Novice: 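Please read through the structure below; I'll follow up with questions.
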Amino acid sequence: MPAVVVSGSGENQEFEGRTTVYVTVCVIIAAFGGLMFGYDVGISGGVTSMDDFLKKFFPVVYKKKQHAHENNYCKYDNQSLQLFTSSLYIAALIASFVASKVCSKAGRKPTVQIASIFFLIGVVLTAGGLNIEMIIFGRIFLGFGVGFANQAVPLFLSEIAPTNIRGALNISFQLFITIGILLSNLVNYFTANIHPHGWRISLGIAGIPASMLCVGSILICETPTSLIERHKVEKGRKVLRKIRGVENVDDEFDSIVHACEMARQVKDPFRKLMKPVSRPPLVIAICLQIFQQFTGINAVMFYAPVLFQTVGFGNDAALLSSVITGLVNVFSTIISIYLVDKAGRRILLLEACVQMLISQVIIGIILFKGLKATGANLSKGEAIFVVVLVCTFVMGFAWSWGPLGWLIPSETFPLETRSVGFAFAVSTNMLFTFVIAQAFLSMLCKMQAGIFFFFAAWIIIMGVFTWFLLPETKGVPVDSMVDKVWKQHWFWRSFVAEDEFRTDVKVV
């Protein structure tokens, strides 16, 4: 399979190469960082609905849950309980900026290795937790792992993949996130009735993918771009030959060398990132992360068992329903892998906005009419319909805003600002994931069914933003983004033109 890459001049050029078995193995190993992220996202919702866990660490929540006349929307509202989930994401936010430096100075591979070590420490602390402080610290270490993995893995995948399948291989990161969520739901389903330490098993099983990532990260190669960027030129050429499976890689090698030489001329990547010419990819990367969280997806995935209990399912049925949504999540992400390099980015995002909006509004209407704060729950038929609508919502997210929220920022920043720009994307994602995780149960308590209308309003904003401000980047080489995308866009071209004017004035 020929690999289409970019020459130093920014023009498309076909280079000899193929998608090798070694690249496939490297992609799978690196994507285990996504699996850990997904498992940590999904496991907390099931664990926080287990009575044994609540009795040990959150007895106030347990008593509220057992109350005969409990508020259907407020029985899990507890800031400490939310902190157990959300502490991971504030730690990931802080870690992402440190990871950006490590990624640039040491390379993508060591950053992934450090992530795996943080994951292992976090698993030991949470699974072996004796008090609330211990499990919170464990979640923080898991957050450090997420920050390092989410910084390094998407860049690793984008730089090692042949350009003609860059989108599909990059989305493998999101695919493994969804697999991690599904596995966590399955584990919770089977451990919920193992007393009194089912929750320890759920948290401890995370050690398996963490160990696989740790061992596997020794086997993967460093990306040619990172090696050449750090003056290991001949080693970069050798690795390039290995991952392309051919001896003649001179043209592609020269392209990477040229990009690295251009990047070295930028002494302060952060300052470059703040210039008008960098504003289009920076604004889009940040907005995509904010919108990704305000779809409401993490509220659904974090607390799926809690949510399904709220609408009338028992504990086992709620966990089983979350397994079903997890399966939908995985298969829909596979659809995205197939479509992203064929249909393009914008059409997937816009279609999903319509699909998610309809789902959220109907869920809100059903709960508004049928689920009061106290009293009877929804009928069985209504509750099942809510599960169907949640699956429809998850389906739309999984083939659009989920994977593309990571793909688009990883492919739109030029090499000189790629690491620091992507760090802004990762940190923004973690910040707003933290906000949603920390606030969702309180919002559910205060807003009740209105929370779904809240997220629906954000989906409308996302759709408008995508329609007017998000250009199509399918098949556009990284070095040609400015000329072929930003300079052609009705809004973003003014920022690029302003930067060119300032540069011309400075030269004169």
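Keep in mind the model is a prediction, meaning the values are calculated, not measured.
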Novice: Under the side chain to side chain contact (heavy atoms under 4.5 Å, CB included) rule, collect the residues that match up with Ser211, sequence neighbours excluded.
Specialist: Leu120
Novice: State which residues pass side-chain hydrogen bond (donor to acceptor under 3.5 Å, both in side chains) with Thr191; sequence neighbours excluded, sorted by chain then number.
Specialist: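 Thr191 satisfies side-chain hydrogen bond (donor to acceptor under 3.5 Å, both in side chains) with Ser202 only.
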Novice: Apply ring-ring contact (aromatic ring centres under 6.0 Å, His included) to Phe32 and list each qualifying residue two or more places apart in sequence or on a separate chain.
Specialist: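 By the ring-ring contact (aromatic ring centres under 6.0 Å, His included) rule, Phe32 matches Phe176.
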Novice: Return the set of residues passing side chain to side chain contact (heavy atoms under 4.5 Å, CB included) with Ile460 (not counting sequence neighbours), or none when no residue passes.
Specialist: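 Ile460: side chain to side chain contact (heavy atoms under 4.5 Å, CB included) contacts with Leu357.
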Novice: Pairs under 3.5 angstrom only: tabulate donor-acceptor contacts from the side chains of residues 394-403 to other protein residues two or more places apart or in another chain.
Specialist:
{"unit_1": "Trp399", "atom_1": "NE1", "unit_2": "Glu351", "atom_2": "OE1", "d": "3.0"}
{"unit_1": "Ser400", "atom_1": "OG", "unit_2": "Gly396", "atom_2": "O", "d": "2.6"}
{"unit_1": "Trp401", "atom_1": "NE1", "unit_2": "Leu349", "atom_2": "O", "d": "3.3"}

Novice: What residues, two or more places apart in sequence or in another chain, satisfy side-chain hydrogen bond (donor to acceptor under 3.5 Å, both in side chains) together with Gln355?
Specialist: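 For Gln355, no residue satisfies side-chain hydrogen bond (donor to acceptor under 3.5 Å, both in side chains) once neighbours in sequence are set aside.
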Novice: Return all side-chain donor-acceptor pairs below 3.5 angstrom for residues 213-221, not counting sequence neighbours, or 'none' if the list is empty.
Specialist:
{"unit_1": "Ser217", "atom_1": "OG", "unit_2": "Leu213", "atom_2": "O", "d": "3.1"}
{"unit_1": "Ser217", "atom_1": "OG", "unit_2": "Cys214", "atom_2": "O", "d": "2.8"}

Novice: If the condition is side chain to side chain contact (heavy atoms under 4.5 Å, CB included), which residues does Arg200 pass it with, not counting sequence neighbours?
Specialist: Lys56, Leu130, His197
Novice: Restricting to side chain to side chain contact (heavy atoms under 4.5 Å, CB included), what partner residues turn up for Ser100, sequence neighbours left out?
Specialist: Gln151, Ser419, Val420, Ala423
Novice: Residues two or more places apart in sequence or in another chain: which of them pass side-chain hydrogen bond (donor to acceptor under 3.5 Å, both in side chains) with Ser87?
Specialist: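 Checked Ser87 against side-chain hydrogen bond (donor to acceptor under 3.5 Å, both in side chains); zero matches.
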Novice: State which residues pass ring-ring contact (aromatic ring centres under 6.0 Å, His included) with Phe37; sequence neighbours excluded, sorted by chain then number.
Specialist: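 Once residues adjacent in sequence are excluded, Phe37 has no partner under the ring-ring contact (aromatic ring centres under 6.0 Å, His included) criterion.
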Novice: Using the test side-chain hydrogen bond (donor to acceptor under 3.5 Å, both in side chains), find all partners of Ser336 that sit at least two apart in sequence or belong to another chain.
Specialist: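 Applying side-chain hydrogen bond (donor to acceptor under 3.5 Å, both in side chains) to Ser336 gives none.
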